[in-house]
Amino acid sequence: MPGFSSPPNPKEYQATVWEIARQVPPGKVTTYGQIAAMIPPPGTLNLRDYEAFGPRWVGGAMANCPEDVPWQRVINSQGKISLRPGAELQKQLLESEGVKFNERGKIDFDIYGWNGPDPEWCQIHGLFPPPPLAKNQPRLF
DNA sequence: TCCTTGACTCAGA
DNA sequence: CTCTGAGCCAAGG
């Protein structure tokens, strides 16, 4: 897939991503985009470019995360697990926390979506409170 | 140094 | 619902 990138300061950016991911409680999920939206544009990046690439940088951070990070709770904006080696394990871990998938492999954000950390926590860490997760369309029954 | 390769998202068709 | 293109950086072989 063409068009990727890494943040100006990968180490610092990844550490921030991991710290946010650690706030997601069991049985809840967030998205690469939601985490990216909480972090101010790194370096001299303008907001437009950051919004375009931030989610991919979050994905890159999750690929290298320490063991204490609940990486399985970070999924894509469609409410699905991004296809890759390890995707099956991710699904199993989430199911063991009580997260349900519909027959198309989608998670309902209305039920399992995380609303972000407390505003106070965001304030302390210099982060933005995240916008609500976009409603996906889980197929009924 | 050159080339490849990446856990994404959104708008359109 | 599915599929495509655009966004255009940095580490490692």
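Numbers restart at 1 for each chain; the letters A, B, ... are given by sequence-line order, proteins then strands. Values reported hereafter were calculated over all heavy atoms of this structure, with side chains retained and with hydrogens, waters and symmetry mates removed.
- Without hydrogens or angle criteria, A/Q72 side chain to A/Q90 main chain gives no donor-acceptor distance under 3.5 Å.
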Pairs under 3.5 Å (N/O, protein and nucleotides 10-13 of chain B):
unit_1: B/dC10; atom_1: OP2; unit_2: A/S77; atom_2: OG; d: 3.4

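- Look at CG on A/L89: it is 13 Å from C1' on B/dA7, rounded to the nearest Å.
- In the set B/dA7, C/dA10, C/dG7, the nucleotide with an atom closest to the side chain of A/R84 is B/dA7.
- Residue A/E95 places its CD atom among more than 12 non-hydrogen atoms of other residues, nucleotides or ligands, all under 6.0 Å distant.
- As a whole-Å value, the separation of A/I35 CD1 from B/dT9 P is 10 Å.
- Here A/Y112 pairs with nothing under the side chain to side chain donor-acceptor pair (under 3.5 Å) rule; sequence neighbours left out.
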Check the interface with nucleotides 2-4 of chain C: list each N/O to N/O pair with the protein under 3.5 Å, or write none.
none

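- Across C/dG7, B/dA7, B/dT9, the shortest atom-to-atom separation from the side chain of A/A52 is found for C/dG7.
- For the atom pair A/K11 NZ and A/N64 CG, the distance stands at 12.0 Å (nearest 0.5 Å).
- Aromatic ring pairs are classed by plane angle as parallel below 30°, tilted from 30° to 60° and perpendicular above 60°; the pair A/W57 and A/Y13 is perpendicular.
- Rounded to whole Å, the separation between the C1' atoms of C/dA11 and B/dT9 comes to 23 Å.
- In terms of polar N and O atoms assigned as donor or acceptor, the side chain of A/R48 never comes within less than 3.5 Å of the base of C/dG7 in a complementary pairing.
- Take A/S82 and apply the side chain to side chain contact (heavy atoms under 4.5 Å, CB included) test, not counting sequence neighbours, and it matches A/Y32, A/N76, A/R84.
- With rounding to whole Å, A/D49 atom CG is found 8 Å from C/dC9 atom P.
- Note on residues 27-52 of chain A: no pairs pass salt bridge (charged side-chain N to carboxylate O under 4.0 Å, His left out), not counting sequence neighbours.
- The same atom, P, is picked in C/dG7 and in B/dG6; the two are 22 Å apart, to the nearest Å.
- Residue-environment remark: CG (A/L83) stays at or below the threshold of 12 foreign heavy atoms within 6.0 Å.
- Computed from coordinates, the A/F53 CZ to C/dC9 C1' distance equals 8 Å when rounded to whole Å.
- Residues satisfying the side chain to side chain donor-acceptor pair (under 3.5 Å) criterion with A/E12, sequence neighbours excluded, are A/N9.
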